[in-house]
Amino acid sequence: MGRDTIADIITSIRNADMNRKRTVRITSTNLTENVVKILLRDGFIENVRKHQERNKFFLILTLRHKRNRKGPYRNTFYLKRVSRPGLRIYSNYQGIPRILGGMGSVILSTSHGLMTDREARREGIGGEILCYIW
């Protein structure tokens with residue numbers, strides 16, 4: 001059975017965010033690099049570095065935190081995996097959902113590569129809905 005790399009990324013970021021970690025280390029593949037580029041471009045993470053140990057590459061993500069020591073800790077953003085290996089979810093460009101009325105993002109895998117919901121609607125392309133971010 002194969003691994004679900006997108007679910008691994010989402011779980012790593014969510015766990016680091018809940019534990020107030022500043023950085024996250026994930027393995028580097030073409031898919032993970034493209035997802036991280038979208039997260040960086042949309043402002044959900046601050047910085048990305050590529051790191052090599054022996055002959056394996058890793059991405060080190062710097063998360064964006066709102067530090068308020070007096071109040072309870074609140075998550076900065078939420079990630080939800082939609083399409084998974086056991087149940088693929090596809091949508092045409094008209095049926096792509098809007099998260100929080102356009103405040104959140106949907107990451108899609110299209111024939112033109114990974115892109116957000118706004119880019120897919122602009123180009124009139126549908127695809128597999130990978131995850132929601134808000």
Side-chain angles (χ1 to χ4, degrees):
M1 185 150 191
R3 290 183 47 149
D4 189 7
T5 57
I6 297 172
D8 292 343
I9 296 169
I10 290 172
T11 303
S12 298
I13 293 173
R14 187 183 308 125
N15 288 342
D17 191 37
M18 286 190 311
N19 290 326
R20 300 181 189 184
K21 300 288 183 189
R22 186 84 173 136
T23 59
V24 180
R25 183 178 134 184
I26 58 174
T27 57
S28 177
T29 63
N30 288 336
L31 183 64
T32 59
E33 286 181 13
N34 290 329
V35 169
V36 167
K37 282 180 189 175
I38 291 174
L39 291 174
L40 182 65
R41 187 177 58 219
D42 286 353
F44 291 108
I45 57 176
E46 280 185 21
N47 193 11
V48 178
R49 290 185 292 134
K50 196 167 189 177
H51 180 70
Q52 180 180 6
E53 284 184 15
R54 298 185 188 124
N55 50 346
K56 288 193 175 187
F57 287 95
F58 296 97
L59 295 175
I60 299 174
L61 312 177
T62 305
L63 300 180
R64 188 176 298 269
H65 282 294
K66 293 179 182 174
R67 303 225 180 234
N68 185 2
R69 300 200 185 266
K70 293 181 182 178
Y73 181 73
R74 305 180 92 196
N75 288 351
T76 308
F77 60 96
Y78 296 89
L79 297 154
K80 181 181 179 187
R81 177 78 160 122
V82 178
S83 183
R84 51 192 171 87
L87 178 64
R88 302 287 186 185
I89 307 293
Y90 296 95
S91 176
N92 61 4
Y93 77 96
Q94 297 163 337
I96 298 171
R98 293 185 189 272
I99 306 302
L100 292 178
M103 299 277 295
S105 291
V106 177
I107 297 180
L108 295 147
S109 175
T110 66
S111 58
H112 295 277
L114 290 184
M115 57 179 60
T116 62
D117 56 338
R118 292 175 205 89
E119 296 167 351
R121 281 191 204 97
R122 188 176 339 117
E123 294 192 22
I125 307 172
E128 181 183 356
I129 300 174
L130 297 178
C131 62
Y132 298 151
I133 309 163
W134 71 94

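Here the side chain of Arg84 pairs no donor or acceptor atom with the backbone of Ala7 at under 3.5 angstrom. A donor-acceptor contact shorter than 3.5 Å is absent between the side chain of Thr110 and the backbone of Gly127. Formation of a donor-acceptor pair under 3.5 Å by the Arg81 side chain with backbone atoms of Leu130 is found in this model.
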Evaluate the criterion side-chain contact (heavy atoms from CB on, under 4.5 Å) for residue pair Leu40 and Leu61; output intermediate values, then yes/no.
-> CA-CA 9 Å; Leu40 182 65; Leu61 312 177; over 6 Å; no
Just do the side-chain contact (heavy atoms from CB on, under 4.5 Å) check on Ile26 and Asp8 with the steps written out, would you?
-> CA-CA 8 Å; Ile26 58 174; Asp8 292 343; over 6 Å; no
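The environment of Arg118 atom CZ is dense: over 12 non-hydrogen atoms of other residues, nucleotides or ligands sit within 6.0 angstrom. Counting heavy-atom neighbours within 6.0 Å of Tyr93 OH, excluding the residue itself, gives a total of 12 or less.
No path of Ile, Leu, Val, Met, Phe, Trp and Tyr side chains, each step under 4.5 Å between heavy atoms, connects Ile6 with Tyr90, placing them in separate hydrophobic clusters. Put simply, Leu31 and Ile13 are part of the same group of oily side chains (I, L, V, M, F, W, Y) that touch within less than 4.5 Å, one to the next.
For the atom pair CG (Asn92) and CZ (Arg121), the distance works out to 11.0 Å, reported to the nearest 0.5 Å. Within the model, atoms OH of Tyr132 and CG of Asp117 stand 10.0 Å from one another, a figure rounded to the nearest 0.5 Å. How far CD of Gln52 is from CZ of Phe58: 10.0 Å, rounded to the nearest 0.5 Å. To the nearest 0.5 Å, atoms CG (Asn47) and CD1 (Ile60) are separated by 10.0 Å. Asp17 contributes atom CG, which lies 12.0 Å from atom CZ of Arg64 (distance to the nearest 0.5 angstrom). The line from CH2 of Trp134 to CZ of Phe44 is 10.5 Å long, rounded to the nearest 0.5 Å.
Counting only heavy atoms from C-beta outward, the side chains of Pro97 and Ile129 approach each other to under 4.5 Å. Two residues are said to be in side-chain contact when any heavy atoms from C-beta on lie closer than 4.5 Å; Met115 and Arg122 fail this criterion. Between Val24 and Ile45 the shortest side-chain heavy-atom distance does not fall below 4.5 Å.
Partner of Leu39 under the side-chain contact (heavy atoms from CB on, under 4.5 Å) criterion, chosen from Ile133, Leu63, Val48: Ile133.
For Arg98, the salt bridge (Lys or Arg N to Asp or Glu O under 4.0 Å) criterion is met by no residue, not counting sequence neighbours.
Scanning both residues, Ala16 and Thr23, for their nearest heavy atoms gives CB-O, 4.5 Å.
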